[in-house]
2 protein chains.
Amino acid sequence: MSKYKIEEVAKQCGLTKRTLRYYEEIGLLFPAERSEGGYRLYTDKHIERLKQIMSARDVLGFSLQEIQEFISISEQFDHQRQIIRDIVDKQARLEKLSEVEETLLKQLSLIDQKLEKMNAIRRDIYQLFDQVVTAKQKLQTDRE
Amino acid sequence: MSKYKIEEVAKQCGLTKRTLRYYEEIGLLFPAERSEGGYRLYTDKHIERLKQIMSARDVLGFSLQEIQEFISISEQFDHQRQIIRDIVDKQARLEKLSEVEETLLKQLSLIDQKLEKMNAIRRDIYQLFDQVVTAKQKLQTDRE
DNA sequence: CGAAACGTTAACGTTAACGTAAATGTTGGT
DNA sequence: ACCAACATTTACGTTAACGTTAACGTTTCG
């Protein structure tokens with residue numbers, strides 16, 4: 001797997017080097033391996049994670065703290081998969097799965113609420129747009 | 001039209017009094033009329049505007065500055081309607097309308113981009129959710 | 001092997017979006 | 001007329017999310 005130095009990653013993601021270090025500092029981005037001389041060596045996993053972060057930040061308008069919680073769930077999922085595999089008792093396994101399911105359902109409903117509100121805003125703007133187009137057409141037919 | 005004192009408005013909108021004054025201070029919320037003794041007297045227009053602001057802030061994740069620009073367009077529209085009515089020259093009227101149309105189109109595409117990204121996030125989460133549900137079903141059928 | 005380009009930590013600076021406190025004035029009911 | 005509840009301005013405080021600078025080590029390339 002290829003490794004990238006900090007500037008490369010920053011450019012690819014449209015972030016600054018400071019931001020990458022900051023995200024690591026607050027525990028939002030898991031630390032990268034270091035080179036002999038102490039340089040950070042990022043992997044594709046880091047880039048993938050950064051895209052998730054930016055997506056949540058820009059699209060959902062989440063604070064970095066909220067992103068922590070939000071992302072930690074999909075991360076926990078990978079983690080939980082190991083745990084779940086290790087659970088021998090079927091009843092306990094079911095409960096663990098149900099727990100994860102519930103969390104995901106909450107996130108889905110949260111996103112659905114946002115989607116609905118965004119669509120409402122879109123409708124409002126479209127209505128304005130429609131009025132303008134109609135007004136233009138009227139002007140142009142009047143002209144003939 | 002009824003007038004409201006600041007606390008009433010704050011409660012209705014789920015904001016603090018400080019926030020209302022702050023929004024006025026930075027020019028985001030147009031100033032309210034004052035009572036004899038200097039109390040702010042808000043109208044339904046203010047409440048309507050505040051809902052727009054909160055919507056843009058919470059749903060679109062906009063900064064207050066971005067909201068300024070964003071909202072000023074629908075406000076300009078009302079304003080422009082007067083201007084447009086006053087324009088006698090049909091050619092100039094058409095141009096003004098086209099100008100507004102273009103701005104609205106930009107906003108629509110901006111929102112559409114956000115909607116698309118949000119749907120992508122939703123799909124990701126749903127996929128996880130689906131995996132969990134499948135795992136649960138498998139566990140339960142195995143049981144019989 | 002030497003310099004330019006890139007990296008590191010540490011620490012202080014900045015901006016947005018309010019919170020909070022103090023000192024003071026206003027309203028509404030009894 | 002008075003008091004409790006609400007309002008005002010002014011000004012300093014706070015937090016998140018970085019920006020910036022300094023002092024210094026590392027890589028790379030001719």
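Just so we're on the same page: letters track the sequence lines, and every chain starts at 1. Keep in mind that the numbers below use all heavy atoms, side chains included, and drop hydrogens, waters and symmetry copies.
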**OP:** Under the salt bridge (charged side-chain N to carboxylate O under 4.0 Å, His left out) rule, what do A:K117 and B:D58 come out as? Steps first, then yes or no, please.
**Re:** CA-CA 10 Å; A:K117 285 183 188 171; B:D58 299 340; over 6 Å; no
**OP:** Taking side-chain contact (heavy atoms from CB on, under 4.5 Å) as the test, write out the residues that go with B:A120, two or more places apart.
**Re:** B:R123
Original post:
Taking only residues two or more places apart in sequence, or in another chain, which ones meet A:D124 in a side-chain contact (heavy atoms from CB on, under 4.5 Å)?
Top reply: none
**OP:** Calculate the interatomic distance between A:K11 atom NZ and C:dA5 atom P; express it in whole Å.
**Re:** 13 Å
Subject >> Same cluster (ILVMFWY, side-chain, under 4.5 Å), A:L28 and A:V9 >> reply: yes
Original post:
How about B:I111 and A:Y126: do any of their side-chain heavy atoms sit closer than 4.5 Å?
Top reply: no
Original post:
Taking CG from A:L20 and C1' from D:dG19, how many angstroms apart are they, rounded to a whole number?
Top reply: 14 Å
Subject >> Verdict with reasoning, A:E95 to A:K90, per salt bridge (charged side-chain N to carboxylate O under 4.0 Å, His left out) >> reply: CA-CA 9 Å; A:E95 276 173 29; A:K90 286 193 179 175; over 6 Å; no
Give me the distances for all protein-to-nucleotides 20-24 of chain D N/O pairs that come in under 3.5 Å?
none

Subject >> Nucleotide D:dT26, atom P - distance to CD1 of A:I6 in whole Å >> reply: 17 Å
Original post:
Transitively linked via ILVMFWY side-chain contacts under 4.5 Å: A:I47 with A:I53?
Top reply: yes
Original post:
At how many degrees, to 10°, do the end axes of the helix from C:dC1-D:dG30 to C:dT30-D:dA1 meet when each uses five pairs?
Top reply: 20°
Subject >> Contact check, side chains of A:R18 and A:E25, non-hydrogen atoms, under 4.5 Å >> reply: yes
Original post:
Of the residues in residues 53-63 of chain B, which ones touch DNA chain C at a heavy-atom distance under 4.0 Å?
Top reply: B:R57, B:S63
Subject >> Whether A:N119 side chain and A:L115 backbone form a donor-acceptor pair below 3.5 Å >> reply: yes
Any protein N or O atoms within reach of nucleotides 28-30 of chain D? Criterion: under 3.5 Å, listing atom names and distances.
none

Original post:
Listed by chain and number, what are the side-chain hydrogen bond (donor to acceptor under 3.5 Å, both in side chains) partners of B:K3, not counting sequence neighbours?
Top reply: B:E33
**OP:** Taking side-chain hydrogen bond (donor to acceptor under 3.5 Å, both in side chains) as the test, write out the residues that go with B:Q113, two or more places apart.
**Re:** none
Original post:
What pairs of residues pass the side-chain hydrogen bond (donor to acceptor under 3.5 Å, both in side chains) test when at least one of them lies in residues 41-57 of chain A, not counting sequence neighbours?
Top reply: A:Y4-A:D44, A:Y23-A:R57, A:T43-A:H46, A:R49-A:E75
Subject >> Whole-Å distance separating the CD atom of A:E7 from the C1' atom of D:dT27 >> reply: 13 Å
Original post:
Quick check: does any side chain N or O of A:Q137 sit under 3.5 Å from a backbone N or O of A:V132, one acting as donor and the other as acceptor?
Top reply: no
**OP:** Please list, chain by chain and in numerical order, all residues satisfying side-chain contact (heavy atoms from CB on, under 4.5 Å) with B:E66, sequence neighbours excluded.
**Re:** B:F62, B:S63
Original post:
In whole Å, what is the span from the CZ atom of B:R21 to the P atom of C:dG19?
Top reply: 11 Å
**OP:** Return the residues of residues 23-42 of chain B meeting this criterion: a heavy atom under 4.0 Å from some atom of DNA chain D. Order them by number, or give none.
**Re:** B:R34, B:G38, B:Y39, B:R40
Could you list the donor-acceptor pairs under 3.5 angstrom formed by side chains in residues 97-105 of chain B, with sequence neighbours left out?
unit_1 : atom_1 : unit_2 : atom_2 : d
B:S98  : OG     : A:K136 : NZ     : 3.2
B:S98  : OG     : B:L94  : O      : 2.9
B:E99  : OE2    : B:K96  : NZ     : 3.4
B:E101 : OE1    : A:K136 : NZ     : 2.8
B:T103 : OG1    : B:E99  : O      : 3.1

